[in-house]
Amino acid sequence: MNHETLLLDASRAFLKAQGMNEILSVLTRSVAALVKDADMVLVYTYDHDKQVLQLTRGEGDISHQLYQVAFCPGESITGFVYMNQTTMLLRQPSDVEQAMANMSASNRLSYLAGVSHQTVHSSFSIPIIINDSCIATLTANRLTHPTPFTEKDLELVMELLDYAKFALEKEIQMQHATFVINDYQIKVEAKRYFQQALSESGDADHVVRLLRRRLPNGSVYLSEHPIHQHHSTPIRFHQQHTEWLVYTNQPHQTEAIYLEEAASAIGLLRTFEYQKIEEDLLKDEKEFADSLENHHYDLAFWDMPSNTPVVCLVMCGSKGNQLKEYQTLQKLFVDLQHRWKLIFYKGSYQQNAENIR
């Protein structure tokens with residue numbers, strides 16, 4: 001079968017292929033058919049979690065030991081081609097051995113067992129680049145034939161790769177679209193989950209308890225500061241980070257979404273709490289100002305015996321910080337809640353002092 005027919009058949013196969021693995025299988029089979037005497041055709045893909053290149057698909061006499069090889073970027077022929085995004089054509093066994101000189105000891109043991117300790121007479125490796133990023137490498141080896149690969153072999157494979165890249169780009173776009181849709185669905189589900197929690201109790205502790213059900217592999221708690229050795233999700237409140245949701249494990253994508261939505265729910269709750277406190281304080285300030293202006297000392301606020309001690313507490317700082325201190329004092333002095341109030345004055349300290357006098 002001539003090259004044109006093989007390329008045409010391959011292009012049709014790429015169009016029918018579904019999924020990354022099937023596309024790469026079509027690629028390795030087509031290279032083996034297109035390049036004469038290629039004993040091994042190998043595709044190594046990059047694992048971003050492990051940060052190594054591992055064998056994903058192969059054609060020829062591929063032993064299980066080759067699947068144990070894990071090249072770091074820059075290591076051996078595969079790692080060099082991946083890191084530099086450049087093609088290598090090695091015509092002699094000495095060239096192949098020199099290019100593999102920096103292979104790790106463990107990888108060399110697996111590699112030699114995988115090729116049954118045979119000499120690689122010639123090899124070529126090509127980066128598979130999609131959107132300016134190298135996602136894999138394609139390698140062909142000759143072990144039983146001493147005739148080296150040629151530039152013509154490379155040209156044919158590069159032409160074949162054009163068809164493969166088109167199929168791979170479409171597959172990557174499809175995977176990305178699926179990923180985005182899945183993320184959106186999880187986000188909607190998580191938002192509803194915590195909105196229900198707010199409607200049930202309106203309590204931050206309840207939100208955290210429900211979050212723990214979704215994150216069973218680690219501990220989750222509220223903190224006033226981020227904990228750097230753990231995953232800390234900020235809770236935004238009035239454009240500031242005043243609290244953090246701390247998760248003792250590194251979250252996967254779904255867990256991260258639930259952490260973010262729980263933080264949003266607590267931030268919303270804090271906003272409502274702040275607004276309620278402000279409304280109550282404004283009401284108290286209005287009553288106080290009215291009592292001073294109209295001498296309405298018979299209000300319940302001032303309804304106390306003449307010998308009742310009165311304490312005036314003046315706090316400096318931003319209003320947000322004062323509110324936080326006010327809440328703390330309320331918790332500490334529960335029995336005094338009806339005997340003192342926090343009043344905000346506008347203006348300088350001297351003006352405030354004048355008003356008090």
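Because only heavy atoms are used, hydrogens play no part in the values below, and waters and symmetry mates are left out as well, while side chains stay in.
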Got a donor-acceptor contact below 3.5 angstrom from the [X] side chain to the [Y] backbone?
{"X": "H121", "Y": "P93", "answer": "no"}
{"X": "S223", "Y": "W244", "answer": "no"}
{"X": "D37", "Y": "R142", "answer": "no"}
{"X": "D153", "Y": "T150", "answer": "yes"}
{"X": "E255", "Y": "H252", "answer": "yes"}
{"X": "N249", "Y": "N217", "answer": "yes"}
{"X": "N131", "Y": "S133", "answer": "no"}
{"X": "R214", "Y": "T254", "answer": "no"}
{"X": "S63", "Y": "G114", "answer": "yes"}

Is [Y] close to [X] at the side-chain level, that is, under 4.5 Å between some pair of heavy atoms?
{"X": "I62", "Y": "L42", "result": "yes"}
{"X": "I135", "Y": "I172", "result": "yes"}
{"X": "L160", "Y": "V31", "result": "yes"}
{"X": "L269", "Y": "V207", "result": "no"}
{"X": "F14", "Y": "I23", "result": "yes"}
{"X": "T86", "Y": "F80", "result": "yes"}
{"X": "Y247", "Y": "T233", "result": "no"}
{"X": "D183", "Y": "K187", "result": "no"}

Side chains of [X] and [Y] only: does a donor on one sit below 3.5 Å from an acceptor on the other?
{"X": "S94", "Y": "Q92", "result": "no"}
{"X": "Y82", "Y": "E75", "result": "no"}
{"X": "N107", "Y": "S110", "result": "no"}

Inspect the surroundings of [atom1] in [X] and state if more than 12 heavy atoms from other residues, nucleotides or ligands are less than 6.0 Å away.
{"X": "E169", "atom1": "CD", "result": "yes"}
{"X": "H225", "atom1": "NE2", "result": "no"}
{"X": "H117", "atom1": "NE2", "result": "yes"}
{"X": "D47", "atom1": "CG", "result": "yes"}
{"X": "Y221", "atom1": "OH", "result": "yes"}
{"X": "Y67", "atom1": "OH", "result": "yes"}
{"X": "Q18", "atom1": "CD", "result": "no"}

Problem - Derivation of the side-chain contact (heavy atoms from CB on, under 4.5 Å) call for D39 and D61 - result: CA-CA 7 Å; D39 297 300; D61 186 14; over 6 Å; no
Practice task
Indicate, with yes or no, if the rings of F149 and F124 have centres closer together than 6.0 Å.
Solution key: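 They qualify: ring centres under 6.0 Å apart.
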Problem - Proximity of Y44 and F71 rings by center, below 6.0 Å - result: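 Here the rings of F71 and Y44 have centres that are less than 6.0 Å from each other.
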Exercise for the section: Go through R236 and E260 one step at a time and tell me if the salt bridge (charged side-chain N to carboxylate O under 4.0 Å, His left out) criterion holds. Expected result: CA-CA 10 Å; R236 293 188 65 81; E260 290 171 5; over 6 Å; no
Taking all heavy atoms of [X] and all of [Y], pick out the closest pair and write down the distance.
{"X": "Y258", "Y": "Y193", "value": "CE2-CD2, 4.0 Å"}
{"X": "L55", "Y": "V43", "value": "CD1-O, 3.5 Å"}
{"X": "P73", "Y": "Q51", "value": "CD-O, 3.7 Å"}
{"X": "S122", "Y": "T147", "value": "CB-O, 4.4 Å"}
{"X": "V41", "Y": "A38", "value": "CG2-CB, 4.2 Å"}
{"X": "T28", "Y": "S25", "value": "OG1-O, 3.0 Å"}

From [atom1] ([X]) to [atom2] ([Y]), nearest 0.5 Å:
{"X": "E97", "Y": "I77", "atom1": "CD", "atom2": "CD1", "answer": "9.0 Å"}
{"X": "T78", "Y": "L138", "atom1": "OG1", "atom2": "CG", "answer": "10.0 Å"}
{"X": "K165", "Y": "M158", "atom1": "NZ", "atom2": "CE", "answer": "5.5 Å"}
{"X": "N141", "Y": "T119", "atom1": "CG", "atom2": "OG1", "answer": "12.0 Å"}
{"X": "M83", "Y": "C134", "atom1": "CE", "atom2": "SG", "answer": "11.5 Å"}
{"X": "L168", "Y": "I130", "atom1": "CG", "atom2": "CD1", "answer": "5.0 Å"}

Same cluster or not: are [X] and [Y] linked, directly or through other Ile, Leu, Val, Met, Phe, Trp or Tyr residues, by side-chain heavy atoms under 4.5 angstrom apart?
{"X": "I186", "Y": "L259", "result": "yes"}
{"X": "M40", "Y": "V81", "result": "yes"}
{"X": "I235", "Y": "L211", "result": "yes"}
{"X": "I257", "Y": "F194", "result": "yes"}
{"X": "L112", "Y": "M103", "result": "yes"}

Exercise for the section: Check ring pair (Phe, Tyr, Trp, His ring centres under 6.0 Å) between Y111 and all other residues, then give those that pass, not counting sequence neighbours. Expected result: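 For Y111, no residue satisfies ring pair (Phe, Tyr, Trp, His ring centres under 6.0 Å) once neighbours in sequence are set aside.
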Exercise for the section: Show the numbers, then the answer: is there a side-chain contact (heavy atoms from CB on, under 4.5 Å) between Q175 and M20? Expected result: CA-CA 9 Å; Q175 287 181 356; M20 188 72 71; 4.1 Å; yes
Practice task
Run the salt-bridge test on E22 and R29 with the 4.0 Å N-O cut-off and return the result as yes or no.
Solution key: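 No.
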Handout entry: E261/R192 ion pair, N-O < 4.0 Å
Key =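 Salt bridge flag = no for R192 with E261.
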Practice task
Could you please spell out the steps behind the side-chain contact (heavy atoms from CB on, under 4.5 Å) verdict for L27 and E59?
Solution key: CA-CA 9 Å; L27 176 60; E59 191 72 20; over 6 Å; no
